[in-house]
Every structure is written in structure tokens, then in C-alpha cells.
Chemist: 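Could you have a look at this structure, given as C-alpha cells, before my questions?
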Amino acid sequence: METGVIMEQKPIDGTAPLAPPSADVARQYLDEVEEVHRRRDERVDRRASSWQAILSGIAVAVLITALLLVNRADATSTQPFVFLVIITGQISAGFAERAGVQWRAVGARSWSVVAVVAYGAAMVAFFLLIFIDAQNRPLWMTFIPGLAILLGFGGYGAALLWRERGQERRPARPREPLPGQTRAATAGLGILIGIAALSIGIENALLGSIVGILVMMAVVVWLFLWATDAGPQALGRYWRWPQIAAYLSSMGVVTWLALQRAYSDAVTLPSALGAAAAAAALLCIAACLPAPVAAPDTTAEAEAPSEGR
């Protein structure tokens with residue numbers, strides 16, 4: 001390879017190498033690449049992806065903090081939080097997909113992958129440091145992982161929102177009705193959350209752990225449906241605010257129940273049954289809500305010429 005040559009051609013056997021493009025053709029190639037990038041960016045709803053990052057950061061930060069608080073007093077009630085963190089991550093990925101986010105990093109952006117991996121590894125190590133010997137750690141350390149997650153995800157989303165200030169808002173994507181499989185998955189998730197809540201109120205620690213393990217096994221099986229409308233990511237792709245509010249409320253029920261079990265004696269099996277029924281009912285009702293009615297398109301009617309004039 002001669003000095004100054006950037007790339008060496010390897011022509012197909014029996015053919016002559018292609019002539020190098022002229023400066024004008026090379027410029028056209030670069031312009032076309034920029035146009036492809038522009039069209040790709042137009043498909044990304046950055047405001048939606050920003051709010052997805054902020055809300056996901058808040059939800060996961062609350063779950064991780066609650067998990068560590070519960071673990072300080074009652075380690076048997078932590079399994080539902082692991083289940084909720086996994087599901088929240090899957091739903092968040094579905095929301096990002098709906099906003100047009102593509103999960104890849106190539107070329108100059110490869111450094112971001114290294115930064116995210118290093119950040120995640122540090123958070124996992126610090127989390128395990130607190131989780132393994134929670135009783136002997138100061139209370140303030142319990143809030144650090146959640147705060148770091150909130151600053152990482154929420155700060156990233158806030159930065160994206162700041163960059164989008166003053167930009168023209170992209171037209172809203174059409175609302176797609178929930179497919180039948182997604183409705184069934186929503187109701188199934190409510191039942192799983194209800195069972196997870198019920199496991200917190202079971203006085204027998206072994207039986208409660210077995211119920212929690214069964215819930216986790218069901219989640220693992222459910223993850224294999226990720227490419228279908230019945231998978232957990234489909235919830236993020238199709239859910240609207242009623243389903244989101246129902247899920248967050250159900251998550252709040254489980255969090256409140258676990259904290260009550262860990263720091264008071266107020267949780268009994270009947271109260272856990274009531275909380276489990278409420279958590280399950282919220283998502284089952286949300287799954288049955290009718291599809292939103294699309295607003296009529298009045299633009300075409302306004303532009304159409306009136307007859308008889």
C-alpha cells in the first residue's frame with residue numbers, strides 16, 4: 001500500500017479496479033449520507049424520547065431505593081422489586097422504539113457505549129456493596145444508587161429537552177389501538193403484579209419466596225415473546241396515558257406494601273389480598289378501555305370546494 005493512500009481496493013477476480021471518484025462525485029456521496037442522517041433524525045421524536053428517559057429514570061430510581069430500604073429490614077420482600085425493575089426496563093425500551101430511537105452506536109459514537117457500560121458497571125458494583133451487607137451500611141448510602149440513576153437517565157432526558165427548546169414540534173404520531181395480544185399482556189401483567197403484592201403479605205417466608213420465584217419464572221418465559229405484540233416491549237409501543245397511570249399506580253401499591261411490611265406490623269394477609277386485588281384490577285381495567293377515537297380530519301374539508309357556489 002503506497003504512502004498517502006487511505007483505502008486499498010480489492011477488485012473482484014477477473015475485473016479491473018474501479019476508477020476513484022472525482023471530487024464532485026465524492027461530495028455528492030457525502031451530501032447523500034448527510035441527507036440519510038437527516039431523514040433518520042426526522043423519524044426520532046426527541047421530545048418523546050426525552051420524557052421516556054426522564055420518567056424511566058424516576059421509576060427505576062424509586063424502585064431501586066425502595067428495594068434497598070426494604071432490604072435493610074426484610075430481605076424476603078425484595079423479589080417484587082426485581083420483577084418490577086425488569087418489566088419497567090422492557091416497557092421503557094418499547095416507548096423508546098415508538099419514539100423512533102435506534103439502539104445502536106457506531107463510528108464516532110462508540111465512546112458512548114464505553115461510557116454507558118462503565119457507568120452501569122459502577123452502579124451495579126455499588127448496589128451490590130450496599131445490598132450484601134445493608135444493615136451495617138449508613139442509611140444515606142441507600143439513596144446513592146437511586147440518585148445516580150435519576151441523574152443519569154433523568155439528566156440525559158433533561159439535556160435532550162434543553163437541546164430541543166425552540167425547535168419546531170414534530171407532528172404527533174397516529175394513535176394505534178391496543179392489539180388484542182397487548183390487551184391480554186396488560187391484564188396478565190396486572191395479575192402478576194397482584195401475585196407479587198400477595199407474596200409480600202404471606203407470613204411464611206419460605207412460601208412467600210416460592211411465590212416470588214414463580215413470578216420471576218413467568219417473567220422469564222414472557223421475555224421470549226419480545227418480538228410479538230404480547231411481549232413486554234409491546235406494552236411500551238402501544239400503551240397510552242391510562243395504561244401508564246395504571247401501571248405506575250400498581251407499582252406504587254407494591255412499593256407501599258413492601259415498605260409497610262419492612263418497617264411496621266400493619267401488613268396482614270387480608271390487607272395484602274386487598275392491595276393485590278387493587279393492583280391487578282387497575283391494569284385489567286386499563287386493558288379493557290376502548291381505543292381512542294381519532295379526531296376527524298377537517299383540513300381536507302376546509303380545502304375542498306363547496307358545491308353550489
Side-chain angles (χ1 to χ4, degrees), residues 56 59-95 120 123-125 127-128 130-132 134 145-146 149 181-182 184-236 239 243 246-262 267 269 272-273 275-284 287:
S56 298
V60 174
V62 169
L63 290 173
I64 292 297
T65 302
L67 186 154
L68 292 174
L69 286 172
V70 169
N71 186 60
R72 289 176 63 90
D74 183 14
T76 61
S77 300
T78 58
Q79 288 180 340
F81 291 105
V82 179
F83 152 63
L84 289 174
V85 167
I86 294 173
I87 295 301
T88 300
Q90 290 291 308
I91 295 173
S92 177
F95 277 125
M123 286 300 97
V124 170
F127 172 83
L128 292 176
I130 302 172
F131 185 82
I132 292 174
I149 292 172
Q181 292 182 354
T182 307
T186 303
L189 175 59
I191 294 173
L192 286 178
I193 292 179
I195 296 174
L198 180 61
S199 70
I200 297 173
I202 297 177
E203 296 182 1
N204 188 307
L206 177 59
L207 181 58
S209 297
I210 292 175
V211 173
I213 291 173
L214 292 176
V215 171
M216 289 301 302
M217 291 175 63
V219 171
V220 171
V221 174
W222 190 22
L223 292 177
F224 284 100
L225 302 177
W226 64 272
T228 70
D229 287 341
Q233 288 191 20
L235 304 181
W239 271 7
Q243 290 78 29
Y247 175 70
L248 293 178
S249 300
S250 298
M251 190 178 74
V253 169
V254 174
T255 302
W256 171 83
L257 198 64
L259 289 172
Q260 287 290 314
R261 167 70 184 269
V267 176
L269 186 57
L273 278 170
L282 285 170
L283 280 168
C284 289

Chemist: I'd like to check L189 versus I87 (side-chain heavy atoms, cut-off strictly below 4.5 Å). Are they in contact?
Modeler: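 With C-beta onward as the side chain, the pair touches.
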Chemist: With a 3.5 Å distance limit and no angle check, can you tell me whether D229 reaches the backbone of Q181 through a side-chain donor-acceptor pair?
Modeler: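 Here the side-chain-to-backbone pair does not exist.
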Chemist: Are M216 and I86 close enough that some pair of their side-chain heavy atoms sits under 4.5 Å apart?
Modeler: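 M216 vs I86: side chains touch.
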Chemist: To check you understand the geometry: which heavy-atom pair defines the closest contact between I202 and G208, and what is its length?
Modeler: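 Closest approach of I202 to G208, heavy atoms only: CG2-N, 4.0 Å.
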Chemist: I'd like to know whether L63 forms a side-chain contact (heavy atoms from CB on, under 4.5 Å) with L67, so could you lay out the CA-CA distance, the side-chain angles of the two residues, the decisive distance to 0.1 Å, and finally the verdict.
Modeler: CA-CA 6 Å; L63 290 173; L67 186 154; over 6 Å; no
Chemist: Test side-chain contact (heavy atoms from CB on, under 4.5 Å) on I149 and I64 and set out the steps.
Modeler: CA-CA 9 Å; I149 292 172; I64 292 297; 3.9 Å; yes
Chemist: Is any side-chain heavy atom of T255 less than 4.5 Å from a side-chain heavy atom of F81?
Modeler: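 Yes - at least one pair of side-chain heavy atoms lies under 4.5 Å apart.
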Chemist: Between N204 and L206, which heavy-atom pair has the shortest distance, and what is it?
Modeler: OD1-N, 3.0 Å
Chemist: Backbone N or O of A196 within a donor-acceptor pair of the S199 side chain at under 3.5 Å?
Modeler: yes
Chemist: Could you pull out the closest heavy-atom pair between T65 and G146, with the gap in Å?
Modeler: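 Residues T65 and G146, closest heavy atoms: OG1-CA, 3.6 Å.
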Chemist: What's the separation between atom CG in L192 and atom CG in L84, rounded to the nearest 0.5 Å?
Modeler: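 The CG atom of L84 is 10.0 Å from CG of L192, to the nearest 0.5 Å.
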Chemist: Using 0.5 Å steps for rounding, measure from the CG atom of L69 to the OG atom of S77.
Modeler: 13.0 Å
Chemist: Who passes side-chain contact (heavy atoms from CB on, under 4.5 Å) against S249, sequence neighbours left out?
Modeler: L282
Chemist: Please check if any side-chain donor atom of Y247 sits under 3.5 Å from a side-chain acceptor atom of T186, or the reverse.
Modeler: no
Chemist: Looking at G236 and F95, what are the two nearest heavy atoms and their distance?
Modeler: O-CD2, 3.1 Å
Chemist: What verdict does the side-chain contact (heavy atoms from CB on, under 4.5 Å) test give for L269 and E203, after you've listed the backbone C-alpha separation in whole Å, the side-chain angles of each residue and the deciding distance to 0.1 Å?
Modeler: CA-CA 8 Å; L269 186 57; E203 296 182 1; 5.8 Å; no
Chemist: Provide the closest heavy-atom pair for P232 versus I91 in the form atom of the first, atom of the second, distance.
Modeler: O-CG1, 4.0 Å
Chemist: Starting at CG of L223, measure out to CD of Q233 and round the result to the nearest 0.5 Å.
Modeler: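 Reported to 0.5 Å precision, the distance equals 9.0 Å.
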Chemist: Between CD1 of I213 and CZ of F83, what distance do you get to the nearest 0.5 Å?
Modeler: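 It comes to 15.0 Å.
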Chemist: Minimum heavy-atom separation for G201 to V267, with atom names?
Modeler: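 Between these two residues, the closest heavy atoms are CA-CG1, 4.1 Å.
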Chemist: Give the intermediate values and the outcome of side-chain contact (heavy atoms from CB on, under 4.5 Å) for residues M251 and T88.
Modeler: CA-CA 10 Å; M251 190 178 74; T88 300; 4.3 Å; yes
